[in-house]
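Protein chains get the first letters and strands the later ones, always in sequence-line order, with residue 1 at the start of each.
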Amino acid sequence: MPADFPISKLLRWFRHHQRPMPWRPTASRPANPYHVLVSEAMLQQTQVATVIPYFERFIKSFPTVDALANADEQAVLTRWQGLGYYRRARHLHAAAKAVVKEHHGQVPDRAKTLLALPGVGPYTAGAVASVAYDTPEPIVDGNVARVYARFYGLHDAVDRPDTLKTLWSLAQTNVTASKSPRDFNQSVMELGALVCTPKKTTCTACPLKQACKALAEGTVDRLPVKTPKKKPTAVTHRVLAIYRQTQRGRRYLFVQRPAQGLWSRMWQFPTDETANADLAGDLGLKIAPPNPVSSFTHLTTHRTVRFNVEQARVLSGRLLPQAGVWRPLNRLVDLPLAKPQQQAAAQVAATHYCA
DNA sequence: AAGGCGGGGTC
DNA sequence: GACCCAGCCTT
């Protein structure tokens with residue numbers, strides 16, 4: 001039988017210390033389930049402070065679930081650009097279409113129904129149900145796992161299936177007992193973000209300190225246990241900025257990435273990720289010898305990518321139909337680019353001004 | 001069960 | 001550097 005979780009103390013702490021978030025319902029702002037759904041999609045593996053400006057811009061562009069459902073994918077990806085995990089944007093777009101088509105434009109209020117939406121897993125389903133509708137659905141995210149692993153003294157790896165089962169069970173028990181599911185679920189996460197942090201915890205300020213197992217046994221800095229992750233592999237990408245000269249300046253060629261894999265459906269300069277592919281020839285173009293522009297390293301979770309950027313002028317040839325678009329570098333606002341391609345574009349533009 | 005998927009904050 | 005972040009999907 002686990003120790004009693006001090007729900008009331010935690011809720012009291014939450015009322016005084018919670019950070020304002022634009023999607024959070026308050027006394028003067030009723031819950032907006034669409035806002036909650038958008039926020040939870042953005043918050044997957046992404047910190048609150050990072051999400052807030054993206055959320056504001058996204059809602060300004062797509063104020064309602066109907067607006068999002070009717071938007072085209074390029075516009076959605078453009079609003080997501082820079083946030084990462086771009087599959088989330090396409091899933092959220094598909095979820096909005098499903099809400100309009102299958103749920104009369106109302107974001108579902110039951111976790112089981114939410115779970116059927118693309119990009120909505122167990123955490124997001126519980127979060128939308130509890131935060132938007134105040135229903136007693138459990139949630140377990142990185143914060144909750146850390147708080148519970150410490151409070152209950154769970155020394156098994158928290159990403160193990162049996163430990164996860166325990167965590168969800170504890171979350172279920174606590175949220176059911178809380179009588180305020182919306183505040184309770186958010187309060188555990190907020191405690192994990194502000195007090196029960198991965199490092200430099202501030203246990204003296206913790207509303208759970210009197211009953212925390214890890215604090216009592218001195219294992220706070222060793223919990224939660226996690227299985228180690230693989231190191232990223234090093235790869236090199238060759239970026240080729242191909243331009244043609246027009247009366248109104250240079251137009252650069254951009255192509256779209258495939259729907260699967262890294263930076264799905266984002267746009268880029270033609271980029272060789274394998275060996276010495278014939279980038280221009282494959283597009284039906286003949287180019288002058290390329291000039292080096294810059295090199296930089298970009299880090300992702302699984303790769304460290306060395307980007308070598310070059311540019312070259314088109315000599316002849318006709319671009320294959322549907323292969324890409326020609327754009328001046330000062331008109332890329334509606335073309336969703338991932339971070340390294342944004343950086344490459346900025347550096348190509350800089351050399352242009354110097355030359 | 002394990003790996004892929006971004007980019008930034010923090011120490 | 002290393003670790004983490006209001007996870008999800010595919011294989």
Peer 1: For A/Leu83, answer base if it contacts any base atom (sugar-phosphate contacts may also be present), sugar-phosphate if it contacts only those atoms, and nothing otherwise; contact means non-hydrogen atoms under 4.0 Å.
Peer 2: base
Peer 1: Kindly determine whether A/Gln311 and A/Tyr252 satisfy side-chain hydrogen bond (donor to acceptor under 3.5 Å, both in side chains), including the steps that lead there.
Peer 2: CA-CA 9 Å; A/Gln311 68 175 326; A/Tyr252 285 83; 2.8 Å; yes
Peer 1: Rounded to whole angstrom units, what separation is found between the NZ atom of A/Lys339 and the C1' atom of B/dC5?
Peer 2: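 About 17 Å, once rounded to whole Å.
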Peer 1: Do any of residues 149-180 of chain A sit with a heavy atom less than 4.0 Å from DNA chain C, and if so which?
Peer 2: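 Going residue by residue through residues 149-180 of chain A, none turns out to have a heavy atom under 4.0 Å of DNA chain C.
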Peer 1: May I ask you to verify if any side-chain N or O of A/Lys229 is less than 4.0 angstrom from the OP1 or OP2 atom of C/dC4?
Peer 2: no
Peer 1: Scan A/Gly192 against the nucleic acid and name what it touches under 4.0 Å (heavy atoms): base, sugar-phosphate only, or nothing.
Peer 2: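 Result for A/Gly192 = nothing.
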Peer 1: For the residue pair A/Phe296 and A/Phe307, categorise the inter-ring angle as parallel (less than 30°), tilted (30 to 60°) or perpendicular (more than 60°).
Peer 2: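 Aromatic pair A/Phe296/A/Phe307 classed parallel.
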Peer 1: Does a side-chain N-to-carboxylate-O contact under 4.0 Å join A/Glu217 and A/Arg222?
Peer 2: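 Judged by the 4.0 Å cut-off on N to carboxylate O distance, A/Glu217 and A/Arg222 do not form a salt bridge.
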Peer 1: Quick check: A/Tyr148 with A/Phe5 (ring centres under 6.0 Å apart)?
Peer 2: yes
Peer 1: More 5' along DNA chain C: A/Pro122 or A/Lys226, using each one's nearest nucleotide?
Peer 2: A/Lys226
Peer 1: Does a nitrogen or oxygen in the side chain of A/His91 sit under 4.0 Å from OP1 or OP2 of C/dC8?
Peer 2: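 A/His91 to C/dC8 OP1/OP2: no side-chain N or O under 4.0 Å.
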Peer 1: Give a yes/no answer on whether the side chain of A/Tyr85 brings an N or O atom under 4.0 Å of OP1 or OP2 in B/dG4.
Peer 2: no
Peer 1: Using a heavy-atom cut-off of 4.0 Å across all strands, would you classify A/Arg90 as base, sugar-phosphate, or nothing?
Peer 2: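 Here A/Arg90 touches no strand at all.
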Peer 1: For A/Gln47 and C/dG7, what is the distance between atoms CD and C1' respectively, to the nearest whole Å?
Peer 2: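 In whole Å, C/dG7 C1' lies 14 Å from A/Gln47 CD.
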Peer 1: Check for me whether the distance between the ring centres of A/Tyr54 and A/Trp80 falls short of 6.0 Å.
Peer 2: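 Ring centres of A/Trp80 and A/Tyr54 not closer than 6.0 Å.
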Peer 1: Under 4.0 Å between any heavy atoms, over every strand shown, what does A/Thr124 touch: base, sugar-phosphate, or nothing? Just pick one.
Peer 2: sugar-phosphate
Peer 1: Enumerate donor-acceptor pairs with a distance under 3.5 Å from any side-chain N or O in residues 116-135 of chain A to protein atoms, sequence neighbours excluded.
Peer 2:
| residue | atom | partner | partner atom | Å |
| --- | --- | --- | --- | --- |
| A/Tyr123 | OH | A/Glu40 | OE1 | 2.8 |
| A/Thr124 | OG1 | A/Gln44 | NE2 | 3.0 |
| A/Ser130 | OG | A/Gly126 | O | 2.8 |
| A/Ser130 | OG | A/Ala127 | O | 3.3 |
| A/Ser130 | OG | A/Asn185 | ND2 | 3.0 |
| A/Tyr133 | OH | A/Val107 | O | 2.4 |
| A/Asp134 | OD1 | A/Arg182 | N | 2.8 |
| A/Thr135 | OG1 | A/Ala129 | O | 3.0 |

Peer 1: Does a side-chain N or O from A/Arg303 land closer than 4.0 Å to OP1 or OP2 of B/dC5, or not?
Peer 2: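 Looking at the OP1 and OP2 atoms of B/dC5, one of them is under 4.0 Å from a side-chain N or O of A/Arg303.
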Peer 1: Looking at A/Arg88, I'd like to know whether one of its side-chain N or O atoms comes within less than 4.0 Å of OP1 or OP2 on C/dC9.
Peer 2: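 Checking C/dC9 against A/Arg88, no side-chain N or O comes under 4.0 Å of OP1 or OP2.
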Peer 1: Please state the P separation for the pair B/dG8 and C/dC8 - nearest whole angstrom.
Peer 2: 22 Å
Peer 1: So what does A/Pro232 touch, heavy atoms closer than 4.0 Å: a base, only the sugar-phosphate, or nothing?
Peer 2: nothing
Peer 1: Go nucleotide by nucleotide along DNA chain C from the 5' end; which of A/Gly121 and A/Gln260 gets its closest nucleotide reached first?
Peer 2: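 Its nearest nucleotide lies further toward 5', so the answer is A/Gly121.
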Peer 1: Is there a side-chain contact between A/His302 and the phosphate of B/dC5, meaning an N or O under 4.0 Å from OP1 or OP2?
Peer 2: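 So the side-chain polar atoms of A/His302 never come under 4.0 Å of the phosphate oxygens OP1 or OP2 of B/dC5.
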Peer 1: A/Gln45 side chain N/O closer than 4.0 Å to the phosphate oxygens (OP1, OP2) of C/dG7?
Peer 2: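 Looking at the OP1 and OP2 atoms of C/dG7, one of them is under 4.0 Å from a side-chain N or O of A/Gln45.
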Peer 1: Please report the distance, rounded to the nearest Å, between CG in A/Leu43 and P in B/dG8.
Peer 2: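 After rounding, the reported distance stands at 16 Å.
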Peer 1: Between A/Asp66 and A/Lys97, does at least one N-O distance fall below 4.0 Å, as a salt bridge requires?
Peer 2: no
Peer 1: If you compare every side-chain N and O of A/Trp263 against the phosphate oxygens of B/dG7 (OP1, OP2), does one of them come in below 4.0 Å?
Peer 2: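 True: A/Trp263 side-chain N/O within range (under 4.0 Å) of B/dG7 OP1/OP2.
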Peer 1: Can you tell me whether the side chain of A/Thr50 and the base of B/dG9 have a donor-acceptor pair closer than 3.5 Å?
Peer 2: no
Peer 1: When all nucleic acid strands are considered with a 4.0 Å heavy-atom cut-off, which category describes A/Met21: base, sugar-phosphate, or nothing?
Peer 2: base
Peer 1: Using whole Å, what does the distance between atom P of nucleotide C/dA6 and atom CG of A/Leu114 come to?
Peer 2: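 After rounding, the reported distance stands at 21 Å.
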Peer 1: What is the distance, rounded to the nearest whole Å, between atom CZ of A/Phe307 and atom C1' of B/dG6?
Peer 2: 12 Å
Peer 1: Does A/Arg146 reach the main-chain N or O of A/Gly192 with its side chain, forming a donor-acceptor pair under 3.5 Å?
Peer 2: yes
Peer 1: Rounded to whole angstrom units, what separation is found between the NZ atom of A/Lys231 and the P atom of C/dC4?
Peer 2: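 Interatomic distance, NZ of A/Lys231 to P of C/dC4: 15 Å.
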Peer 1: Identify whether any heavy atom of A/Ala338 sits under 4.0 Å from a base atom; if not, whether one sits that close to sugar-phosphate; answer base, sugar-phosphate or nothing.
Peer 2: sugar-phosphate
Peer 1: Can you tell me, in whole Å, how much space there is between the P of C/dA6 and that of B/dG4?
Peer 2: 23 Å
Peer 1: For a quick check of understanding: with a heavy-atom distance under 4.0 Å over all strands, which category does A/Val144 fall into, base, sugar-phosphate or nothing?
Peer 2: nothing
Peer 1: Indicate yes or no: does A/Glu73 engage A/Arg90 in a salt bridge with an N to O separation below 4.0 Å.
Peer 2: no
Peer 1: Starting at atom CZ of A/Phe14, determine the distance to atom C1' of C/dA6, rounded to an integer number of angstrom.
Peer 2: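 Atom-to-atom, A/Phe14 to C/dA6, this comes out as 12 Å.
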